[in-house]
Protein chains: 2
Amino acid sequence: MNISQAAKASGLSPKTIRYYERIELIGAASRGDNGYRDYDEEDLDILRFVQRARATGFSVEECRQLLSLYRDTERHSSEVKVLVQEKLERVEAQIQELLQMRDTLQDLVERCPGDEQAQCAIIDKLAEQS
Amino acid sequence: MNISQAAKASGLSPKTIRYYERIELIGAASRGDNGYRDYDEEDLDILRFVQRARATGFSVEECRQLLSLYRDTERHSSEVKVLVQEKLERVEAQIQELLQMRDTLQDLVERCPGDEQAQCAIIDKLAEQS
DNA sequence: TTAAACCTTCCACCCATGGTAAGGTCAAGC
DNA sequence: GCTTGACCTTACCATGGGTGGAAGGTTTAA
């Protein structure tokens, strides 16, 4: 199976697959006589796993850890759970930051008249010659 | 006023100020006889404006637009308002994405036993040999 | 005088790709 | 057998928003 077929089957782009190989997130694919990469079903499982993990929001480095747990049949589910809980905490922190930002922006929008005058609460607030 | 003083007074780092100058977000600072950058109060106003806009969550490119409105005494506050409303929409979309991610992660965490068993709903979900 | 603490420019790095170039290969149609 | 187009390969540049460090000049305080 060529890289573009593997790409279609996994939902990743060929570029991304080569990149993942280069940074050793995934193992080097075997090559045909022509030097083309060749993928089998086992490779596809890995590619799909990474695609789903990325789509779920895990970074490439987080995927590296998840992959190593995926491959480790001796793993404890508690290790996986800790990883995902920590990720969840980071996501929640990020949400809080964005909510804070949204409130600030909403406040600015509400206080700006939005007319033909140059006088503008948003600009004033950011300039704040205090 | 040296760059490190301007940095302290604005809340930006000297590196960041030089970077902003390089990408022409801010104008080139005047130089002393020794080649050192020299900042006055007017420069500081700009630096503080950018610092506050960045801290509020605007990207550098958005800051560029805000700065041009800041400098334009003929501006209409409606132009500023539109800019900030669009930003607000982008932030809200980002929040929705993260909330979706949080729900997925929460679901995964809840379904993982978190014990010494290798069997793990998180890994299974990501592997999903369907 | 000497050391520390500045300043300058420039180059490299982070993340997760996308774009593009230059060149090799393969499958189909003529 | 030849051409065309769609693949494949590697390699380098760009993104955003800076940070870190090297190499070298300046200033300041002891």
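Convention: sequence-line order gives letters A, B, ...; per-chain numbering from 1.
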What is the distance from CG of Asn2(A) to C1' of dA27(C), rounded to the nearest Å?
-> 12 Å

Lys81(A)/Gln85(A) under side chain to side chain contact (heavy atoms under 4.5 Å, CB included): CA gap, chis, key distance, verdict | CA-CA 6 Å; Lys81(A) 189 165 188 168; Gln85(A) 268 170 337; 3.9 Å; yes

Gln51(B) CD to dG17(D) C1', in whole Å, measures 15 Å

Could you list the residues that satisfy side chain to side chain contact (heavy atoms under 4.5 Å, CB included) with Glu41(B), not counting sequence neighbours?
-> Leu44(B), Arg48(B)

Which is true for Ile3(B) with a 4.0 Å heavy-atom rule: it touches a base, it touches only sugar-phosphate, or it touches nothing?
-> sugar-phosphate

Atom pair distance, as rounded to whole Å: CG in Leu25(B) and P in dG17(D) | 10 Å

Quick one: side chains of residues 109-121 of chain B, donor-acceptor pairs under 3.5 Å with protein atoms, not counting sequence neighbours, listed by atom name and distance.
unit_1	atom_1	unit_2	atom_2	d
Arg111(B)	NH1	Asp107(B)	OD2	3.4
Asp115(B)	OD1	Ser77(A)	OG	3.2
Asp115(B)	OD1	Gln117(B)	N	2.9
Gln119(B)	NE2	Asp124(B)	OD2	2.4

Which is it for Val84(A) and Phe58(A) under the side chain to side chain contact (heavy atoms under 4.5 Å, CB included) test, yes or no, and what are the steps along the way?
-> CA-CA 9 Å; Val84(A) 178; Phe58(A) 292 99; 4.1 Å; yes

Using a 4.0 Å heavy-atom cut-off across all strands, classify Arg18(B) as base, sugar-phosphate, or nothing.
-> base

Mind checking the CD-CZ spacing from Glu89(B) to Arg102(A)? Nearest 0.5 Å is all I need.
-> 13.0 Å

What's the CE-P distance between Met1(B) and dC7(C), to the nearest Å?
-> 12 Å

For Phe49(B), which residues count as a ring-ring contact (aromatic ring centres under 6.0 Å, His included) partner, sequence neighbours excluded?
-> Tyr70(B)

Arg52(A) side chain to Lys125(B) main-chain N or O, any donor-acceptor pair under 3.5 Å?
-> no

Distance in angstrom units between Glu21(B) CD and dC7(C) P, rounded = 14 Å

Calculate the interatomic distance between Gln5(B) atom CD and dC7(C) atom P; express it in whole Å.
-> 8 Å

Name each donor-acceptor pair under 3.5 Å that joins a side chain in residues 24-36 of chain B to protein atoms two or more places apart or in another chain, with its distance.
unit_1	atom_1	unit_2	atom_2	d
Ser30(B)	OG	Asp38(B)	O	3.3
Arg31(B)	NH1	Gly35(B)	O	3.0
Asn34(B)	OD1	Tyr36(B)	N	2.9

Pull out every residue in residues 57-65 of chain A that has a heavy atom closer than 4.0 Å to any atom of DNA chain D, ordered by number, or say none.
-> none

Under the side chain to side chain contact (heavy atoms under 4.5 Å, CB included) test, residues paired with Ser68(B) that sit two or more places apart | none

Under the side chain to side chain contact (heavy atoms under 4.5 Å, CB included) rule, what do Glu92(A) and Gln106(B) come out as? Steps first, then yes or no, please.
-> CA-CA 11 Å; Glu92(A) 275 170 349; Gln106(B) 262 171 353; 3.5 Å; yes

At what distance, to the nearest 0.5 angstrom, does CD of Glu97(B) lie from CG of Leu98(A)?
-> 10.5 Å

Does dC8(D) have OP1 or OP2 sitting under 4.0 Å from an N or O in the side chain of Arg37(A)?
-> no

Salt-bridged, Arg90(A) to Glu62(A), with N to O below 4.0 Å?
-> yes

Hits for side chain to side chain contact (heavy atoms under 4.5 Å, CB included) against Ser78(A), two or more places apart or cross-chain, chain-then-number order -> His76(A)

Under a 4.0 Å heavy-atom criterion, the protein footprint on nucleotides 19-30 of chain D, written with B, S and -, is SBB---BBS---

If you fit an axis to the five pairs at each end of the helix from dT1(C)-dA30(D) to dC30(C)-dG1(D), how big is the angle between those two axes, to 10 degrees?
-> 20°

Which pairs, protein N/O on one side and nucleotides 3-5 of chain C N/O on the other, fall under 3.5 Å?
none

Would Leu83(B) and Glu79(B) count as a side chain to side chain contact (heavy atoms under 4.5 Å, CB included) if you check the C-alpha gap in whole Å, the side-chain angles of each, and the deciding distance to 0.1 Å?
-> CA-CA 6 Å; Leu83(B) 210 66; Glu79(B) 302 172 80; over 6 Å; no

Could you list the residues that satisfy side chain to side chain contact (heavy atoms under 4.5 Å, CB included) with Glu61(B), not counting sequence neighbours?
-> Ser59(B), Arg64(B)

Near DNA chain C, under 4.0 Å by heavy atom, which residues of residues 91-103 of chain A?
-> none

Mind calculating the distance between CZ (Arg31(B)) and P (dC7(C)) to the nearest angstrom?
-> 12 Å

Interatomic spacing from CZ in Arg75(B) to CG in Leu66(B) - rounded to 0.5 Å = 10.5 Å

